[in-house]
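Okay, structure first, notes after.
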Amino acid sequence: MNYRVFGASGVRVSEVGFGGWGIGGAYGSVDRAESLRTLARAEELGCNFVDTAMVYGDSELVLGEFLAGRRSKWLVATKFSGQPEGLEATLEKQLVRLGTDAVDLYQVHWAPSRAEQALYDALYRIRKSGKARLVGISLYSIGDINSVLKQGQIDVIQLPFSLLDPDPFLAKLDAIRRAGVGVIIRSSLKEGFLTGKYRRDAVFPDPNDQRHGWTAEQIASTVDAAEQFRFIEAQTASMAVAAACYPLSFAETSTVILGTKSVAQADSNFGLVPGTRLSDATLRRIEARQRAMRLYDWKGRIRDTLSFF
Ligand SMILES: NC(=O)c1ccc[n+]([C@@H]2O[C@H](COP(=O)([O-])OP(=O)(O)OC[C@H]3O[C@@H](n4cnc5c(N)ncnc54)[C@H](OP(=O)(O)O)[C@@H]3O)[C@@H](O)[C@H]2O)c1
């Protein structure tokens, strides 16, 4: 495992983190004992960061069980997802579920609107009280990044970034670096479609699976789009490793969180991904393919020097 920092906070985080949605059932049924073994394997391989939320099924409860006796080895991040009792009361409940006195990062699950500025004040209060070491916002768009960076006091942002979704991260690299915020990259495997394991006729019968509601056309077109990036597999152990290590080509990434729910996935995500880097030539080919597929909706230019490590 390699380690990076959460921006100016200096908090040291493993460059691959544990995405906790899968162990809550986001991608179909889960086996609790296997989830606990998977977390233990991630720890063995040097992972020290887990991201969850109260709305991720049993994820926080499984983590509470797992973290007993090993809390100091992990940075624990969870989120406020708009529960009616408000941010501070919800955090209190989550601390009980997670079996801890404080979380390392507390995030709001969306970028607050102008009418929701009180959420920022609540985040700053819990940071001051010590119930959260760092505070963050999980967001989606270029506009979201602009509004959050304007606040000036947010430690970490979390955003989607993958071969198929170069925006908004690449559009805002310079502003993110200047702001000194830490960056959590999510969804870099694109609900599993960038692992190369699904065909155009894939079906997701489990009603709890995030992909259950996808139309046959959506599935086929996502598989077709992912196939456009098959060439990156050549340099790596698998397409899943190649897609997962793409965000690590950018120095602004603090950690890429991978949804992991089996020991075999942990071996790949925490064992193979950290040792893998894409070459400059591959990164340029990726950018050319992304441009040909019109995956950018901004007019900017990706900077010339892509590799830092
Ligand atoms: N708004 C938000 O704040 C937000 C939204 C989405 C996600 N998140 C966070 O980001 C994390 C990651 O996102 P994600 O879980 O949606 O997506 P992801 O990590 O991009 O993809 C998970 C999918 O990839 C598959 N997978 C994982 N490792 C694999 C491997 N080594 N080989 C083959 N397939 C593999 C999983 O397969 P299986 O189906 O077989 O398990 C699952 O289908 C979440 O767990 C959550 O913590 C936050």
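Remember, it's 1-based here, ligands and their atoms both numbered in the order they're listed.
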_Which residues share a side chain to side chain donor-acceptor pair (under 3.5 Å) with Gln235, sequence neighbours left out_ = Ser279, Thr282
*By the rule that ILVMFWY residues connect when side-chain heavy atoms come within less than 4.5 angstrom, directly or transitively, which residues belong alongside Met54?*
none
_Distance in Å, Asp144 CG paired with Leu139 CG, rounded so as to fall on 0.5 Å steps_ = 5.0 Å
*Could you name the protein residues that come within less than 4.0 Å of ligand 1, counting only heavy atoms, and order them by chain and residue number?*
Gly19, Gly20, Trp21, Tyr27, Asp51, Tyr56, Lys79, His109, Ser138, Tyr140, Gln158, Arg186, Ser187, Ser188, Leu189, Lys190, Glu191, Gly192, Thr195, Lys197, Arg211, Ala240, Ile257, Leu258, Gly259, Lys261, Gln265, Ser268, Asn269
_Spacing of Lys79 atom NZ and Leu91 atom CG [to the nearest 0.5 Å]_ = 13.5 Å
*asked:* Tell me if the centroids of the rings in Tyr3 and Phe49 come within less than 6.0 Å of each other.
replied: no
*Could you list the residues that satisfy side chain to side chain donor-acceptor pair (under 3.5 Å) with Arg230, not counting sequence neighbours?*
Glu227, Glu233
